[in-house]
Amino acid sequence: MEMEMDDSENPWPSLLCEEEDSCLTEQYSFKSDGNFDFCSVSESESEYVEMLIEKETIFEPNSDESSLGSDGIWLKCARRDAVKWILHTRVLFGFHFHTAYLSLIYFDRFFSRRSIDNGKLWAIRLLSVACLSLAAKMEECQVPALSEYHVDEYNFEGNVIQRMELIVLNTLEWKISCATPFAYLNYFATKFCGESSRIDLMNRAVELILALMEEINVVEHRPSIIAAAAVLAAHDYRLTEKVIEIKTNAIPSWGPLEKEHTFSCYSMLQEIGMSKSKASKLINSSSLLSSRSSSVDILDHSTITSRVGNKRRLAHISGDQYCSKPKIPKL
């Protein structure tokens, strides 16, 4: 028998606990996001979702091509900073959740084929701007001018961002149409949880997906798996592997491997939720301020190199020195 859960028992009441309530409402409210329809799943929607799932299996990368781990701690630190910037900028421009996630797909796919020299954090930030700009052009009805993408640490000119966009497009071979977990939320919410408390459930699922973006290489995890795990975790964080297997039987095309991956992702979301819940108590009792300012207005092509064959392993460098104030490249 499944156990009902109220908000007081939910370990993820607010993963972004350091933000003000108004910001949280803006980040997670579905009232301003037209991507979600809370009606029952129609036959045509089921067929569409099954088609998306099938396309995922066709284009799924292997682990050797998608791993970011060999590039050192500094890249993981820089990537996490990039995710935070993307999510913050999404709110400023009112972009859809899908757009932010799509930009991170571009970001992680880029690193599966090319590399950026150690410590060049300004180049990673420029890559973040280019990826978000491209995703916005793909998904948004209205897109800001390149000059409107404000980056606190740096000052990138429009032509520099355009050059980086072209590098990204060429690196991805112009294949930039991808599904994200948000395309599956309504489908899985109906399949797994029925019609009750749909908006609250979807809000929690979105919150979990956004938190997970900081922790994983999104290219290594199929969007449908992430969506299913997020919906299940948002519904009940105490599900067993057996219960999850039973629930995922509702997905016709999924076999034992997909069910195993769903439970693995569900377990990651459990850990993230518990970790964020504990961190919120520490954040609420202290005030953390940080400020950084520097600028760069050129793109040094020597900073970006191509990966040919096996990925080039970079020398291991402690990440601590890269998580502080970024260095300004000499012009």
Side-chain angles (χ1 to χ4, degrees), residues 15-16 27-28 33 35 52 55-56 59-61 63 65-69 71 74-116 121-140 143-144 149 151 161 164-165 167-169 171-185 205-230 265 268-269 272 276 304 307:
L15 297 186
L16 298 181
Q27 286 247 18
Y28 302 120
D33 195 322
N35 282 347
L52 291 180
K55 289 180 66 177
E56 285 182 359
F59 296 105
E60 187 174 10
S63 58
E65 291 178 342
S66 57
S67 176
L68 287 171
D71 286 333
W74 78 270
L75 179 55
K76 294 180 181 179
C77 178
R79 181 189 180 279
R80 182 166 297 183
D81 190 55
V83 174
K84 291 179 180 178
W85 179 85
I86 288 172
L87 293 178
H88 175 72
T89 305
R90 185 205 75 81
V91 175
L92 292 179
F93 290 132
F95 290 161
H96 295 109
F97 300 112
H98 177 84
T99 301
Y101 197 98
L102 187 62
S103 69
L104 196 59
I105 291 178
Y106 299 161
F107 186 96
D108 287 343
R109 283 180 59 196
F110 181 92
F111 277 102
S112 73
R113 302 187 180 189
R114 305 187 74 142
S115 63
I116 289 179
L121 297 186
W122 64 269
I124 291 182
R125 181 51 60 87
L126 177 57
L127 174 63
S128 306
V129 175
C131 288
L132 184 57
S133 173
L134 288 172
K137 292 172 183 176
M138 285 289 293
E139 299 298 327
E140 303 296 331
V143 297
Y149 285 89
V151 184
I161 299 175
M164 192 66 196
E165 286 180 334
I167 292 174
V168 172
L169 289 170
T171 300
L172 304 186
E173 299 177 348
W174 291 76
K175 297 176 181 178
I176 56 174
S177 179
C178 311
T180 73
F182 304 105
Y184 300 97
L185 290 183
V206 168
E207 192 173 357
L208 288 170
I209 292 171
L210 297 183
L212 191 63
M213 287 168 59
E214 292 188 27
E215 307 297 331
I216 66 170
N217 179 345
V218 297
V219 179
E220 294 180 345
H221 301 269
R222 288 168 54 181
S224 60
I225 299 291
I226 292 176
C265 189
M268 281 193 293
L269 290 172
I272 291 173
K276 295 286 185 179
I304 303 174
R307 299 178 186 267

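Residue indices begin at 1 and follow the sequence shown. Reckoned from all heavy atoms, side chains included, excluding hydrogens, waters and symmetry mates.
- For the atom pair L127 CG and S103 OG, the distance stands at 9.5 Å (nearest 0.5 Å).
- For A136, the side chain to side chain contact (heavy atoms under 4.5 Å, CB included) criterion is met by F95, T99, E140, V143, Y149, not counting sequence neighbours.
- To the nearest 0.5 Å, the span separating CE on M213 from CD1 on I86 amounts to 6.5 Å.
- Atom CZ in R80 sits 4.5 Å away from atom CD in E215 (nearest 0.5 Å).
- Across all their heavy atoms, T171 and I167 have their closest contact at OG1-O, 2.7 Å.
- Taking the ring centroids of F111 and F107, they lie under the 6.0 Å cut-off.
- D108 approaches I216 most closely through the heavy-atom pair OD2-O, 4.2 Å.
- Put simply, the side chain of Y106 gets close to the backbone of I176: a donor and an acceptor are under 3.5 Å apart.
- Rounding to the nearest 0.5 Å gives a distance of 10.5 Å between CD of E220 and CD1 of I226.
- Taking CG of L134 as the start and CD1 of I105 as the end, the distance is 13.0 Å to the nearest 0.5 Å.
- Closest heavy-atom contact between C178 and H98: O-CE1, 3.6 Å.
- Remark: C265 SG to I272 CD1 distance equals 8.0 Å, nearest 0.5 Å.
- The heavy-atom pair separating K175 from R109 by the smallest distance is O-NH1, 2.6 Å.
- With sequence neighbours left out, the salt bridge (charged side-chain N to carboxylate O under 4.0 Å, His left out) criterion links K137 to E165.
- Heavy atoms only, all atoms of each residue included: A227 and P181 are closest at CB-O, 3.3 Å.
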